[in-house]
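Here's the structure, in structure tokens; my notes come after.
First listed ligand is number 1; within each ligand, the first listed atom is number 1.
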Amino acid sequence: MKRIGVFTSGGDSPGMNACIRAVVRSAAHYDTEVIGIRRGYQGMIENDMARLEMKDVANIIQYGGTMLKTARSKDFMTEEGRRKAFNHLEKHGIEGLVCIGGDGTYTGALKFYDEFGIPSIGVPGTIDNDLYGTDYTIGYDTAVNTALDAIDRIRDTADSHNRVFFIEVMGRDSGFIALNAGIAGGAESILLPEIMSDFGALISHFENKSRRRKDFSIIVVAEGEKDGNAFEIAKKFQAKFDMYDIRVSVLGHIQRGGKPTANDRILASTLGSAAVKSLLDGVSNMCVGVVNHHVRLTSFSDAINKRKTIDATLWELSKILSH
Ligand code: F6P
């Protein structure tokens, strides 16, 4: 391949810039040109793309967000949108794509290949860490550390006022951030979408706890928790325990920004480079990931259809430590 395209799509995540940089520099190493496509699939449809050279990716490794911007394109879900996108790629002589994003990004790439034969390699970029085929996604480590920093701060004020704090962290359908930031932040309870009857367990825990008379508590709730959001859970909790002074804090998009951690920069650099190498080796419809510290390829269909499970040992640990 003489020319490939790179884009970021879906929710941004810290480390995406480091990944773009690795794609451009690795492609240059193999004498391949890179076109940067802005705003993901939407930019492809609107012909919003330009050559990325080495100098264009200098001094970006330390920044969160994505220099290529990102979008969740509704137009790409139509056949007409995909045809326009294909015509623009052809016009620019793009022979393959590196797609940085989550399962929606992979689904788009797979459909695009089926219809127009454009080969793609996916790179997992989402703070949620909910992608099958990789132990870690780009941005997850930063998000956990950002959430942890917020939890530590809230802990100070929770302690001073003897309050029960419900802290909601991101994770649309998954509890990876909640479980890890919860354990690291010494949460008393953690509520995850992957675990049923969390709320019941929380109630029994506090029924026992009231005998122990601990003064303040931190409860971490994953955004996708099935029993409701942090406000709803706090309300139900208050109805049971009117003696507690309760507050809710939703951390939200703070977790999506900021300087990527060293781990995220290294992961992004490793996977961006591996994606280019795979594409140039003729691999397609696969995504790169890191499994047990080794770079692995997983088919798009497995990454989309299989579910990554939370670490059962960590979940058990969280329960042991909260006693
Ligand atoms: O998928 C990443 C994520 O940050 C989820 O944790 C969250 O539910 C969602 O994106 C928020 O999306 P938006 O930025 O469109 O509100």
Side-chain angles (χ1 to χ4, degrees), residues 7-17 19 38-43 63-66 68-77 99-109 122-151 166-182 185 190-195 220-233 248-261 264 267-268 271 287 289 300 303-310:
F7 64 95
T8 48
S9 169
D12 64 346
S13 65
M16 280 184 163
N17 280 326
C19 188
R38 288 159 61 88
R39 294 179 294 124
Y41 291 115
Q42 195 59 31
Y63 295 121
T66 159
L68 289 174
K69 307 218 179 235
T70 186
R72 293 190 175 102
S73 173
K74 288 213 166 59
D75 294 341
F76 196 77
M77 290 175 187
C99 328
I100 309 166
D103 55 355
T105 309
Y106 294 176
T107 305
V123 185
T126 164
I127 62 164
D128 288 354
N129 199 32
D130 58 349
L131 278 176
Y132 183 86
T134 189
D135 291 341
Y136 301 107
T137 56
I138 297 167
Y140 166 68
D141 187 61
T142 308
V144 168
N145 280 291
T146 304
L148 177 61
D149 180 57
I151 292 169
F166 288 82
I167 306 176
E168 185 178 297
V169 298
M170 270 187 166
R172 198 197 319 255
D173 307 306
S174 64
F176 290 96
I177 297 177
L179 180 57
N180 285 266
I190 305 170
L191 276 66
L192 313 176
E194 288 89 344
I195 308 286
V220 173
V221 182
E223 178 190 6
E225 164 58 29
K226 303 278 187 292
D227 284 316
N229 64 31
F231 282 101
E232 291 160 347
I233 288 171
V248 176
S249 182
V250 177
L251 302 186
H253 288 79
I254 285 171
Q255 297 157 94
R256 281 250 294 265
K259 278 162 80 81
T261 58
D264 271 330
L267 180 69
L271 295 184
C287 48
F300 274 154
I304 295 163
N305 297 315
K306 294 191 177 170
R307 194 163 168 80
K308 181 155 106 191
T309 50
I310 58 156

Fill in: Non-neighbouring partners of Asp227 that pass salt bridge (Lys or Arg N to Asp or Glu O under 4.0 Å), sequence neighbours left out
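Residues passing salt bridge (Lys or Arg N to Asp or Glu O under 4.0 Å) with Asp227: none at all.
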Worksheet item: Any idea which residues sit under 4.0 Å from ligand 1, heavy-atom distances?
Response: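 Under the 4.0 Å cut-off, ligand 1 touches Arg72, Thr126, Ile127, Asp128, Met170, Gly171, Arg172, Glu223, His253, Arg256.
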Practice prompt. Check side-chain contact (heavy atoms from CB on, under 4.5 Å) between Arg39 and all other residues, then give those that pass, not counting sequence neighbours.
Written response: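 Arg39 satisfies side-chain contact (heavy atoms from CB on, under 4.5 Å) with Gln42, Glu46, Asp48, Lys69, Ala71 once adjacent residues are dropped.
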Discussion item. Using the side-chain contact (heavy atoms from CB on, under 4.5 Å) criterion, which residues pair with Asp12? Sequence neighbours excluded.
Written reply: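 Counting only residues at least two positions away or on another chain, Asp12 forms a side-chain contact (heavy atoms from CB on, under 4.5 Å) with Met16, Thr66, Thr70, Arg256.
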Fill in: With Leu191, the side-chain contact (heavy atoms from CB on, under 4.5 Å) member among Glu168, Lys226, Glu225
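Option passing the side-chain contact (heavy atoms from CB on, under 4.5 Å) with Leu191: Glu225.
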Worksheet item: Taking C-beta and beyond as the side chain, do Arg307 and Glu194 meet within less than 4.5 Å on heavy atoms?
Response: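 Result yes, sub-4.5 Å side-chain heavy-atom pair found.
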Fill in: Pair Thr261-Asn145, side-chain donor/acceptor within less than 3.5 Å
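No - no donor-acceptor pair under 3.5 Å links their side chains.
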